[in-house]
Each structure stands twice: as C-alpha cells, then as structure tokens.
Protein chains: 2
Amino acid sequence: VGEVRSLANPALNIEASRGETLPSIFRRYRSDIGIALRKSLATDHLPVYQMLRYSMGWSSIHGNSSVITVGKALRPTLCLFACEATGGPASKALPAAVSLELIHNFSLIHDDIQDRDETRRHRPTLWAVWGEPKALVAGNTLRAIADISLWRLLDEDITFERAVTVVGLLTQAYLEMIEGQYLDLSFEGRPDVGLREYLGMISKKTGALIRCALNLGALIGSGDADTVRAFRECGRSLGYVFQIRDDMLGIWGDEQTTGKPVGADIRRKKNTLPVVYAMSQARGSDKELLESIYRKRSVGDEEVASVLDVLSKVKARDYAQSLASEHREKAIEALSGLELDPQTLQDMEGIARFLQLRQR
Amino acid sequence: VGEVRSLANPALNIEASRGETLPSIFRRYRSDIGIALRKSLATDHLPVYQMLRYSMGWSSIHGNSSVITVGKALRPTLCLFACEATGGPASKALPAAVSLELIHNFSLIHDDIQDRDETRRHRPTLWAVWGEPKALVAGNTLRAIADISLWRLLDEDITFERAVTVVGLLTQAYLEMIEGQYLDLSFEGRPDVGLREYLGMISKKTGALIRCALNLGALIGSGDADTVRAFRECGRSLGYVFQIRDDMLGIWGDEQTTGKPVGADIRRKKNTLPVVYAMSQARGSDKELLESIYRKRSVGDEEVASVLDVLSKVKARDYAQSLASEHREKAIEALSGLELDPQTLQDMEGIARFLQLRQR
C-alpha cells in the first residue's frame, strides 16, 4: 500500500492547497440545518431513533452526544442557497432541505448494507453495530421521517398545490436515485460498461438528489419556470462534478482524509469513471490485464498497482478532471440567462470549484 | 413432524368448513385492483420492474407471465369497500388502494431479507433469486412507486388539501408499520414480552396499514369526521383479528395451505401471541421448558412438540381464538353508530369472520 500511495499523493497535494476549504456558503446555513435536522429526529419512544442519531453523526453508539462527526450537508445547503438566490428567505425551504438530507442518509444506511461496508466517516456502520435487520428497518424509518419532515412546508406560507408539487418532485428524485443504485449494482462484474451508460447511471444515483435540491430551492424561492429550470440544469452539472470527484477520491484519495485506503474502489472492482474510461481506451495487453483483474474474485495490492498503472498510461485522471471541469463550467453557464445577484454567481462558482477539488 | 400435525389438524378441519371461502366483496374489486396495480408497474426501462412483477406474483423469474399467484389484496379491498360504503364511488379510492398494496408488498420484500426467508407463497423470495443487494433496492423502488401511484388521486376530483391529508396519513401509517417491525425485531430472544407489549407491536406492524386502508377509504368516500373515525376504529380491531389469526396459522396452520410447516414460527422462536400468552401462563417446569427452548440457538422437531404441548396445556389456542373473536365483535361495533346500508354491515361482518377463520 505504501508504494501505491506514493504514486498518487504528489498530484493530490498540489490540488489540496487550492481546494480544501469549504466555501463560506456552507457555514451560512450550517446552524439552521443542524437544528432542523435534530428536531426531525428528536424523539425517544423507540431505540431506533438513537440508531438514527448515531448514523447522522450526532452521538456515539451508546447515545453519548460528545462524539460528533457531521457531513458537509451538501444537498440541504444547495437547496437553501437556491431558495435565497431566487428571492425567498432560506428558511422557507428548510423542510425540503431537511428531507433531502434525511433521504441522502437513508441511502447511505442501505448502501452500507448492500456493499457490506463496515466503516463510514471513520466509524462503524449501522449494520456493523446493530446487525442487518435492524439497520434495514432503521433506514426505512429515516425515509419515512424524511417524508414527514417535508410536511412542515405547510407552515411556511406555501399553498397546498405548491406543496404537492414539491412532494411529487422529491418522490421522483428519490425513485431516480434508487433506479441509479439498481443500475450501479447491475454494472458489477461487467467489463463493457460504456461511458455514456456510466454517466447515465451517476446522473440518477447521485445526480437526482443534487438536481432536486436546486430545483426545489428555486421552486420555493421564486416559482418562475425559467428560473427553476436553470437551477435544475445547474444541479444536473453539479451532480456530475460531485460524483466524478468522488470517483477520483475513491482511487487516488488520501486515506487519512477520505477514510478509505488508496485504490479502495479498485480493490472492490467498482466500475467508476477512471476505470470505465480506461476500459474504453486501453488496448492489447493493458486491456486484457484490466479485464482479467476485474473478473477476479478478489483483488490484492499487486493488482491494484497494475490497474493504477494502466489508469496512468491512458491518463484516466486527467480525463476525469477535465470532464469534471467541463461540467463545472456548464453548471455556471446554466445560470447565465438569469438576472442574479453577482454575489450569488460568485457563491455558486465557489461551490462548483469546491466540489471539483475537494479532498473528501 | 407427522405427529405434530396430527395434534393440530382436527380442530383446524372443523374451522375449515366454516371459514375457507373468500367473501364475495373480495371478488367485487379484484379486477379493478389488479388492472390498476399492473398499470403502476407497467414499465420496462429497467429489469428491476421485472423483479417487482415477479414479487407481485404476476410472472415467473424469467418474465413468463403464465405463472400467476396473487394474494387476497386485503388492504386495497378494505379501502375501496370503505369508500363505497361511505358514499363515494370505489374508483375514487383506487390510487390509495394501489399505494397500500404496494407498500404492503414492499414490506414483504424487506421482511424476507431480514428473516432470511427463502420462500413465500410457495415461490422463491426476491433475495433468494436475485441476491440481497438487488432485492433491497427493488423493495425501495416499490416504495417509491407506491408514493407516485398515490398522486393519481389528483385526477379523481379530490382537492389538493384532501390529497395532502391522504398522503400524510399514509406516510404516518407507513412509519408506524416500520416502527412495529423494529419492535418485533427487538422482541427476538426476549422471554419476557408481555401481552400488552405484544399487542402494541402488532397494532403497529400489521394494524397500521389495515387501519389506514379503512381510514383513507372513508376519508375519500365521505370526509365526515365521525364516519372516518368509526372506520378507523373498525380497522384497528380488524388488524388484531388478522394478526392473531396469522399467529395461529404460523403455529397450527396446514402446511399445504399456508406453505409453512406446522410449528414453523416456534422453530423460528417467534414471539407470537400463543407463545407470549403461554409464557405468561405457564408455571414451574413448563415455564422453564418454554424459556429454555426459546433461549436455544436452534429448535428441532422434538422441541417444537414440547412447546406445542405447553401451548395445549395453557389453552393458548382457545385464548387466541377468543381474543380474535372479541376484536371481530369490536370491529362491527365500531360502525354501529353510523347510518350504513344493512348490506354494508353484512359485508363487513363477512370480512371480519373471514379474517378470523381463514386458512391462509
């Protein structure tokens, strides 16, 4: 593993100096989001809610609240930001923001069961602590709480008709996310996943909720059809930026920062963008090598190093970075027809840049 | 097993002659429900929908539609019946009925994963055929389709406000069902589950959707608060009748009819009503025997026979049957304050009697 890391780290260190800090926009809403999220799970009539608070990173396994590890809250931040940018007070979109974050966390709980992942954010996953049946049910509970949280919209001076639209859009996004997860599973063990097919999958699996976050924010903030469409398109591109970066971190990320060893996604034979690209570009013995490794039952350090070698030959990293860059530009372009505050555009550029260069 | 069955069968045969036929009310709506359910899953853009059609009993593993095994459609039937009984055309409640049935089937898919059940209705379960990750995702897909189906309500001359209420009630019922599943899991391996605690669990796990079916039907059919409340209370009692009978069938049911061997739930150390009752009634060596068997890692034929013996001594079967009877009467009583068509009351009596005496 040591050798593998030394291959990957130099380039990352250069990016790190540019990309590590979370844009200030994330700080602006953090406290409101945190309070609203906690309210949504502030019930104690069943121990499953303790499991859920643990899964959100607010408490230890035994319910001690001193150990706290929270995520970036990307989706709720995007939702509140879009609401405020389009004329509404951010608070009006808070129920939708909470619902998005809970759905995201629900998907992580079930993902960890599916992938048999025992750690996330450096902590044991729910199923690893409480067993699979309870973790499965806890995930479903969180999904239901997400729906219920959304109804707080009706306290926010929003008509029943608009509320129905919001709920419908969120359900649709949820279905797309699940369909994307299904596609991802069906790609496993296939050496012939094309780039277009791959991008279609991540657009659903990861893109759906991110797109929905901006869509709902703009819908609640303004309701103007062109504005809503522009934010939705911006979200479509941001989704790609986010997932492409995720794929890069899954291969070349720093273990200390991501919590995953270098090459983690190769070891698990995941069809992520760099590998899909390499499969399409590699020729002769390189292609055979890739395919044979991806057909193996288990992949060791040596094979990980060989795959990294092929990725390097076909410049898979450069390809991924430039595709992410392209979508970052598209995300900003999508908003160019709107009359937005210059600060809003600057904030969105900051978010997009962060998503492209983040280290975790 | 032969000996065990001969202990249990005589009593069942007596009931069979009275209780086997499905009341005609189930036939009245069967075709409409079937068509609407199929429409909700009539998409083919992903193979996951083929999995779902299999799980509904409409097709074979390979998509051949000649093999059909459908359930009773209890929840949608109750929903349409309540709508019609309270003045609405049954069709108005069809979107809610579809949603209820899909949620029920979603819960079966996840239940089978949790319990590692390899067969249901004499066919391999979803996870047994397609593996656990895909089955988990398929369940979540069905849950999303259930939500989306519900929005067809808006085509049915229902206001946005009423639609929001319906969606809210269904979400609440869903959450209660999931909480009930959690409680059920948390009872496993506990020899001290009290009767009240047990009834609280089944009221959520099984009762929530049945209650909701009648609640939503009456809400869509009439909207009068007293009527809705009465149907809801009727549903509360029917939920008990249904689950108590289920518990009895899980112990004394006929293998050919239920698809489960006699004593199946004892072999799996399930805390069902007869066992919970026996734990509370048995004394001395009987109690010790029960507890020691329920503490074992695995339970064989001999232990199943010993437990059946204790159940027989404390008359657990009579107790269960009389409790079911009591709730059957309560279900009818709940409607007594309403001015319903005599045929409606008669139909409801038929449904309640069927739920108490059904063989599967």
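In what follows, chains are A, B, ... by sequence order, proteins preceding strands, each numbered from 1.
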- Query: Which one of B:P133, B:G139, B:G168, B:A163 has the most heavy-atom pairs closer than 4.5 Å to chain A?
  - Reply: B:P133
- Query: Among B:Q172, B:K134, B:M177, B:Q181, which residue forms the greatest number of heavy-atom pairs with chain A at distances under 4.5 Å?
  - Reply: B:K134
- Which residue out of A:I145, A:T141, A:D111 racks up the most heavy-atom pairs below 4.5 Å with chain B? A:T141
- Largest heavy-atom contact set with chain B, pairs under 4.5 Å, which of A:V167, A:I148, A:N140: A:N140
- Message: If you count every heavy atom of other residues, nucleotides or ligands that lies below 6.0 Å from B:D157 atom CG, does the total exceed 12?
- Response: no
- Message: Does atom NE2 (B:H45) have a neighbourhood of more than 12 heavy atoms from anything else shown, all under 6.0 Å?
- Response: yes
- Lys/Arg N to Asp/Glu carboxylate O, B:R116 vs A:E132, below 4.0 Å: yes
- Message: A:H110 vs B:H110, test: side-chain contact (heavy atoms from CB on, under 4.5 Å). Steps then yes/no.
- Response: CA-CA 11 Å; A:H110 279 193; B:H110 279 194; 3.8 Å; yes
- B:T159 and A:F160: side-chain contact (heavy atoms from CB on, under 4.5 Å), yes or no, with the steps? CA-CA 9 Å; B:T159 63; A:F160 284 112; over 6 Å; no
Per-residue contact mode, [X] against chain A (heavy atom under 4.5 angstrom):
X      : answer
B:L136 : side chain
B:L154 : side chain
B:S186 : both

- Note on the structure: Looking only at heavy atoms, the pair that brings A:V137 and B:Y182 closest together is CG1-CB, 3.8 Å
- For the student: nearest non-hydrogen atoms of B:L175 and A:A144, plus distance: CD1-CB, 3.7 Å
- Message: Measuring from atom CG of A:D147 to atom CG of B:D147, what distance do you get when rounded to the nearest 0.5 angstrom?
- Response: 5.5 Å
- Task: May I have the step-by-step check of side-chain contact (heavy atoms from CB on, under 4.5 Å) for B:V48 and A:I178, ending in yes or no?
- Result: CA-CA 10 Å; B:V48 69; A:I178 300 285; over 6 Å; no
